[in-house]
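Both ligands and their constituent atoms are indexed starting at 1 by order of listing. Treat the numbers as computed from the prediction; the structure is a model and nothing was measured.
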Amino acid sequence: MLDFDNRFVRDLPGDPEPRNEPRQVFGACWSPVDPTPVTAPQLLAHSREVASALDLDEQAMAAPALLAALAGNGLLPGMVSYASCYGGHQFGQWAGQLGDGRAILLGEVINRAGQRFELQLKGAGPTPYSRRADGRAVLRSSIREFLCSEAMHHLGVPTTRALSLVTTGESVVRDMFYDGHPVAEPGAIVCRVAPSFTRFGHFELPAARGERALLQRLVEFTIARDFPELAIDPAHGLAAWFSEICERTAHLMVHWMRVGFVHGVMNTDNMSILGLTIDYGPYGWVDNFDPGWTPNTTDASSRRYCFARQPAIARWNLERLANALAMLTPKPDALREALERYDEVYATGFCTAFAAKLGFRHWLHDDVDLLEDLFELMHRAEIDMTEFFRSLARLDIEQPNIDVLRESFYREDLCQRFAGDLTRWLARYAARLRQDGEPAERRLARMNAANPRYVLRNYLAQQAIDRAEQGDAQMIHDLLEVLRRPSDEQPGWEAFSAKRPDWARHRAGCSMLSCSS
Ligand code: AMP
Ligand code: MG
């Protein structure tokens with residue numbers, strides 16, 4: 001039912017050692033490994049768009065052999081299972097070999113249109129890269145990954161996708177806050193789908209080990225398979241390829257900043273070579289606008305991966321990749337120039353994205369003052385990012401008034417304290433819009449397209465998790481459905497656009513997430 005062409009294992013060197021035990025793997029890009037079977041798999045949810053991209057109709061999705069494959073209980077004809085080898089910088093430090101510790105690839109599908117997709121199970125048991133961990137994933141983190149990757153896609157953010165969410169019928173023990181309270185939680189497996197799961201860390205590891213020939217092969221393979229449009233001679237085209245990675249990463253950062261997404265663990269092993277959002281862990285969505293906010297409790301003291309620092313961290317990560325690639329070229333300066341390209345593309349992309357959010361036809365030089373003043377006001381007044389930008393479109397620019405924005409405040413006292421400042425800002429903003437002289441309906445349509453009504457707010461994901469853990473998966477289906485059209489008003493679903501309720505402000509899973517998943 002699926003057509004496979006597994007180039008990664010066919011064209012790149014594999015680990016000759018068949019033992020599935022934790023170890024250092026040298027001179028290879030992957031290790032063969034079988035998923036570990038589970039006792040009682042059940043398909044809890046699937047994405048019909050991803051299924052359809054794989055030419056899987058509803059009947060195919062219901063086939064027992066497919067469920068078995070998605071649960072790690074068997075392979076379909078043509079599949080090969082393996083874990084890939086990579087390293088990475090974690091929280092600013094070189095961490096050595098990491099690898100797919102709980103991800104198992106099932107090969108590359110070619111659909112009828114000739115598009116290629118890698119399939120990857122997350123949580124299907126240990127691999128040679130699992131170190132001391134179990135290779136499993138809990139239901140709560142699997143729901144978060146499944147829903148968020150689909151929600152991001154529908155927001156127009158480049159991302160890996162999720163085909164399926166399967167519960168295993170087995171429990172997984174996690175000490176959620178690393179405070180000596182291990183709990184048995186339900187286990188689950190997500191089948192992720194992307195044209196490539198290659199990360200910056202795949203290149204960093206052979207470079208760090210001095211495995212120059214392996215690095216060269218991986219670069220040539222990646223350009224040929226994942227960047228066919230570049231079709232360049234790798235000896236001369238290294239910088240052109242790296243420049244393309246810089247551009248894609250810059251675009252990705254613009255997207256995260258425009259929708260208020262905080263990844264939470266931007267280690268170089270979690271950076272996709274294709275510029276996709278990858279590895280949904282302790283991520284979060286900005287509620288009250290706070291540049292320093294991080295959802296990740298492990299990052300709470302240093303805030304390395306907080307909202308506002310993401311673009312700078314992405315650049316730092318690109319520098320690590322450039323250092324790795326420098327081994328292959330006598331002219332590493334060209335790689336440095338590509339990094340400057342990152343800065344340019346990010347700056348231009350950011351202005352274009354925020355011009356759209358604010359409803360300007362074009363970004364003008366002085367708009368930066370207006371935007372910076374707004375960010376400062378939103379931060380100090382604790383204004384909800386999503387609600388504010390969505391409501392801003394309803395402002396009457398002939399008679400600007402804060403009434404349309406009252407709902408975006410979390411605190412009545414701050415609303416009163418900052419009403420004057422906001423009124424003054426709105427007057428400047430309305431004057432700027434009048435200068436554009438555009439009909440209101442056209443601006444409204446553009447702003448609504450740029451400012452989603454629905455995002456996967458942290459507390460909504462947590463509610464869906466709480467219910468699923470009680471055996472009721474309905475909210476997962478409802479969120480999946482509503483988040484397919486994030487910019488449309490969807491009557492009856494107002495609850496999914498409500499800003500964070502008070503009870504969720506300091507609750508685990510809603511504003512604080514741990515890496516334990
Ligand atoms: P992450 O922080 O999720 O990006 O993971 C960092 C590294 O730890 C990667 O090599 C993962 O494969 C590995 N890892 C995370 N959780 C587990 C687990 N439960 N079992 C095995 N390896 C894991
Ligand atoms: Mg990771």
Side-chain angles (χ1 to χ4, degrees), residues 20-25 29-31 33-36 38 72 81-105 118 120-142 144-145 148-149 159-160 162 168 170-176 178 182-190 192 194 196-205 208 262-274 276-284 294-299 304-305 313 317 320 513-517:
N20 185 7
E21 281 169 22
R23 60 175 181 272
Q24 291 292 307
V25 174
C29 294
W30 55 274
S31 302
V33 61
D34 291 325
T36 305
V38 298
S81 57
Y82 59 98
S84 75
C85 182
Y86 55 80
H89 280 83
Q90 297 185 314
F91 296 92
Q93 307 294 322
W94 174 243
Q97 177 183 299
L98 297 167
D100 290 325
R102 58 164 163 180
I104 296 183
L105 288 133
E118 288 191 315
Q120 185 177 79
L121 300 182
K122 182 168 177 178
T127 78
Y129 307 98
S130 297
R131 291 171 288 167
R132 275 182 301 277
D134 58 6
R136 292 296 185 191
V138 291
L139 178 61
R140 67 181 149 80
S141 68
S142 305
R144 284 167 50 81
E145 170 134 17
C148 200
S149 34
T159 178
T160 62
T168 59
E170 296 179 358
S171 58
V172 174
V173 175
R174 290 288 181 268
D175 183 358
M176 198 193 324
Y178 308 111
V183 172
E185 300 188 44
I189 299 173
V190 170
R192 312 198 282 194
S196 165
F197 284 96
T198 303
R199 303 143 188 272
F200 290 8
H202 278 99
F203 302 91
E204 288 181 277
L205 185 60
V262 187
H263 182 284
V265 207
M266 290 178 69
N267 295 333
T268 56
D269 54 301
N270 291 338
M271 296 291 293
S272 147
I273 207 77
L274 291 180
L276 308 174
T277 311
I278 191 172
D279 277 10
Y280 291 87
Y283 70 81
T294 173
N296 182 354
T297 48
T298 312
D299 193 31
R304 180 180 172 85
Y305 297 142
I313 292 291
N317 289 341
R320 305 284 78 69
L513 277 303
S514 92
C515 285
S516 160
S517 57

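Between S517 and the choices R140, R102, E185, K122, the side chain to side chain donor-acceptor pair (under 3.5 Å) rule is met once, by R102.
Only the backbone of R136 comes within contact range of ligand 1, with a heavy atom under 4.0 Å; no side-chain atom does.
When only non-hydrogen protein atoms are considered, atom 10 (O) of ligand 1 lies nearest to G99 O, 2.7 Å. Of all protein heavy atoms, the one closest to atom 8 (O) of ligand 1 is R131 NH2, 2.8 Å. At the top of the distance list for atom 18 (C) of ligand 1, counting protein heavy atoms only, stands A133 CB, 3.5 Å. Remark: minimum distance from atom 3 (O) of ligand 1 to any protein heavy atom is reached at R102 NH2, 4.4 Å.
Open room surrounds CD on Q93; 12 or fewer heavy atoms of other groups in view lie less than 6.0 Å from it.
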Determine all donor-acceptor pairs shorter than 3.5 Å in which one atom belongs to a side chain in residues 276-283; sequence neighbours excluded.
unit_1	atom_1	unit_2	atom_2	d
T277	OG1	P158	O	2.8
T277	OG1	W256	NE1	3.0
D279	OD1	R192	NH1	2.9
D279	OD1	R192	NH2	3.1
D279	OD1	R199	NH2	3.3
D279	OD2	R199	NH1	2.9
Y280	OH	T159	OG1	2.5
Y283	OH	R144	O	2.9

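For ligand 1, the atoms sitting less than 4.0 Å from at least one non-hydrogen atom of L98 are 10 (O), numbered in the order shown with element in parentheses.
Distance check for D269 against the Mg ion (ligand 2): none of its N/O/S atoms falls below 2.8 Å.
The distance criterion of under 3.5 Å between nitrogen or oxygen atoms is met by G135 with respect to ligand 1.
For the ligand labelled ligand 1, residue C515 lies outside the 4.0 Å heavy-atom shell.
Vertex the Mg ion (ligand 2); arms to D279 atom OD2 and N270 atom OD1; angle 80° (nearest 10°).
At least one donor-acceptor pair under 3.5 Å links the side chain of D299 to the backbone N or O of Y305.
Within the 4.0 Å cut-off (strictly below), no protein heavy atom is located near atom 5 (O) of ligand 1.
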